[in-house]
Amino acid sequence: ALLALRGGVPDWLSVVVGNGGLILGTGLWVIGSELFYGRPPSRRVLIVLIAIGAIAMAWLTWVQPSFGGRVFCMSVILAWEYGATSVAMLRFGRGSNAAQFLGSMLLVLSAVAAARAITMFVPSMASTGLFSVDIMQRIYLITSALMSLTITVGMLFVAMDRLRKQLEQQSFMDPLTGLL
């Protein structure tokens with residue numbers, strides 16, 4: 001919504017708050033995955049990433065305007081968040097094909113975000129604007145759109161797989177005595 005309102009709302013809202021929301025939303029995937037597998041959540045890391053992202057977006061919007069700098073910063077942060085969620089799925093979701101598939105898809109998304117960050121240093125490949133039609137921008141946007149749906153459905157499959165295993169276990173054990 002903030003992207004669609006770009007130019008009609010102040011930059012602090014469309015750039016700083018919009019990107020902060022993106023970092024927060026993606027960071028919640030990390031925390032949710034960690035909690036799902038009984039791991040301590042990375043709340044402090046998420047707070048630090050939001051702060052770094054907000055400061056960087058503000059600096060690169062008003063003090064030293066740089067679209068490429070903003071793309072680089074956000075791509076690095078998102079690559080880390082996608083990678084952290086991928087690691088949680090691949091490492092702690094062993095035995096679940098859905099978790100392994102989802103972790104692999106997140107790894108692909110992390111690699112695409114990292115590649116987008118790297119292309120900011122290659123003048124012939126660097127994005128020049130929000131709606132530029134360069135190849136890396138296209139790959140990033142297509143991958144992000146497809147992965148949003150894939151990740152949502154994948155998370156549902158992971159949760160259903162876990163619920164199925166819990167129900168199977170409960171059906172074989174007497175809850176009072178613990179006997180088969």
Side-chain angles (χ1 to χ4, degrees), residues 1-93 102-103 105-122 125-132 134 136-137 139-141 143-152 154-155 158:
L2 291 173
L3 176 62
L5 296 172
R6 187 91 192 259
V9 296
D11 283 346
W12 68 266
L13 186 60
S14 65
V15 175
V16 179
V17 174
N19 283 311
L22 186 59
I23 295 169
L24 174 63
T26 309
L28 291 175
W29 280 354
V30 178
I31 290 173
S33 299
E34 291 167 341
L35 290 172
F36 185 79
Y37 289 112
R39 301 290 173 206
S42 306
R43 288 186 182 106
R44 288 187 181 134
V45 174
L46 178 58
I47 291 168
V48 168
L49 289 175
I50 291 171
I52 289 170
I55 292 167
M57 292 302 110
W59 181 271
L60 295 168
T61 300
W62 296 298
V63 178
Q64 190 167 359
S66 170
F67 175 77
R70 292 194 318 248
V71 168
F72 173 78
C73 181
M74 283 303 297
S75 295
V76 167
I77 291 171
L78 292 175
W80 183 88
E81 288 181 330
Y82 297 143
T85 309
S86 174
V87 166
M89 291 290 167
L90 293 172
R91 184 172 179 198
F92 305 117
L102 183 57
M105 293 296 99
L106 283 161
L107 196 58
V108 168
L109 192 54
S110 180
V112 169
R116 186 175 189 223
I118 292 168
T119 61
M120 289 296 105
F121 293 108
V122 180
M125 296 181 75
S127 291
T128 56
L130 189 59
F131 300 108
S132 64
D134 60 273
M136 194 64 224
Q137 182 86 335
I139 291 170
Y140 177 76
L141 292 174
T143 305
S144 296
L146 293 175
M147 291 300 174
S148 292
L149 179 60
T150 303
I151 290 168
T152 303
M155 291 284 190
V158 169

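If you're wondering where the values come from, they're calculated on a predicted model, not measured in any experiment.
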How about D134 and Q137: do any of their side-chain heavy atoms sit closer than 4.5 Å?
-> yes
Taken to the nearest 0.5 Å, the spacing of L109 CG from Y82 OH works out to 4.5 Å
Just by modelled atom types, is the G103 backbone N or O under 3.5 Å from a matching donor or acceptor in the S86 side chain?
-> yes
Is a side-chain donor or acceptor of E34 paired with a backbone partner of S42 at a separation under 3.5 angstrom?
-> yes
Does atom CH2 of W12 have more than 12 heavy-atom neighbours from other groups under 6.0 Å away?
-> no
Please examine the side chains of M57 and M74, heavy atoms only from C-beta on, and report whether any two atoms are closer than 4.5 Å.
-> yes
Answer yes or no: is there a donor N or O on one side and an acceptor on the other, between the side chain of S110 and the main chain of A79, under 3.5 Å?
-> yes
I151 side chain near L102 side chain, heavy-atom distance below 4.5 Å = yes
Between CD1 on residue I23 and CD1 on residue I77, distance to nearest 0.5 Å = 4.0 Å
Which word best sums up how the rings of F72 and F121 line up, parallel for under 30°, tilted for 30 to 60°, or perpendicular for over 60°?
-> perpendicular
Audit row: R6, V15, side chain to side chain contact (heavy atoms under 4.5 Å, CB included) steps and yes/no | CA-CA 8 Å; R6 187 91 192 259; V15 175; 3.5 Å; yes
Could you go through the side chain to side chain contact (heavy atoms under 4.5 Å, CB included) check for I52 and V48 one step at a time?
-> CA-CA 6 Å; I52 289 170; V48 168; 3.6 Å; yes
M147 and L106: CA distance, side-chain angles, deciding distance, side chain to side chain contact (heavy atoms under 4.5 Å, CB included) verdict = CA-CA 8 Å; M147 291 300 174; L106 283 161; over 6 Å; no
Determine yes or no for a side-chain-to-main-chain donor-acceptor pair under 3.5 angstrom, with T152 supplying the side chain and S148 the backbone.
-> yes
Looking only at atom types and distance, does a side-chain atom of S75 sit under 3.5 Å from a main-chain N or O of V71, one as donor and one as acceptor?
-> yes
Sub-3.5 Å donor-acceptor pair from the side chain of T119 to the main-chain atoms of R116, do we have one?
-> yes
Between atom CG of L78 and atom CG of L49, what is the distance when rounded to the nearest 0.5 Å?
-> 9.5 Å
After noting the C-alpha distance and the side-chain angles of F36 and F92, does the key distance pass the ring-ring contact (aromatic ring centres under 6.0 Å, His included) rule?
-> CA-CA 10 Å; F36 185 79; F92 305 117; over 10 Å; no
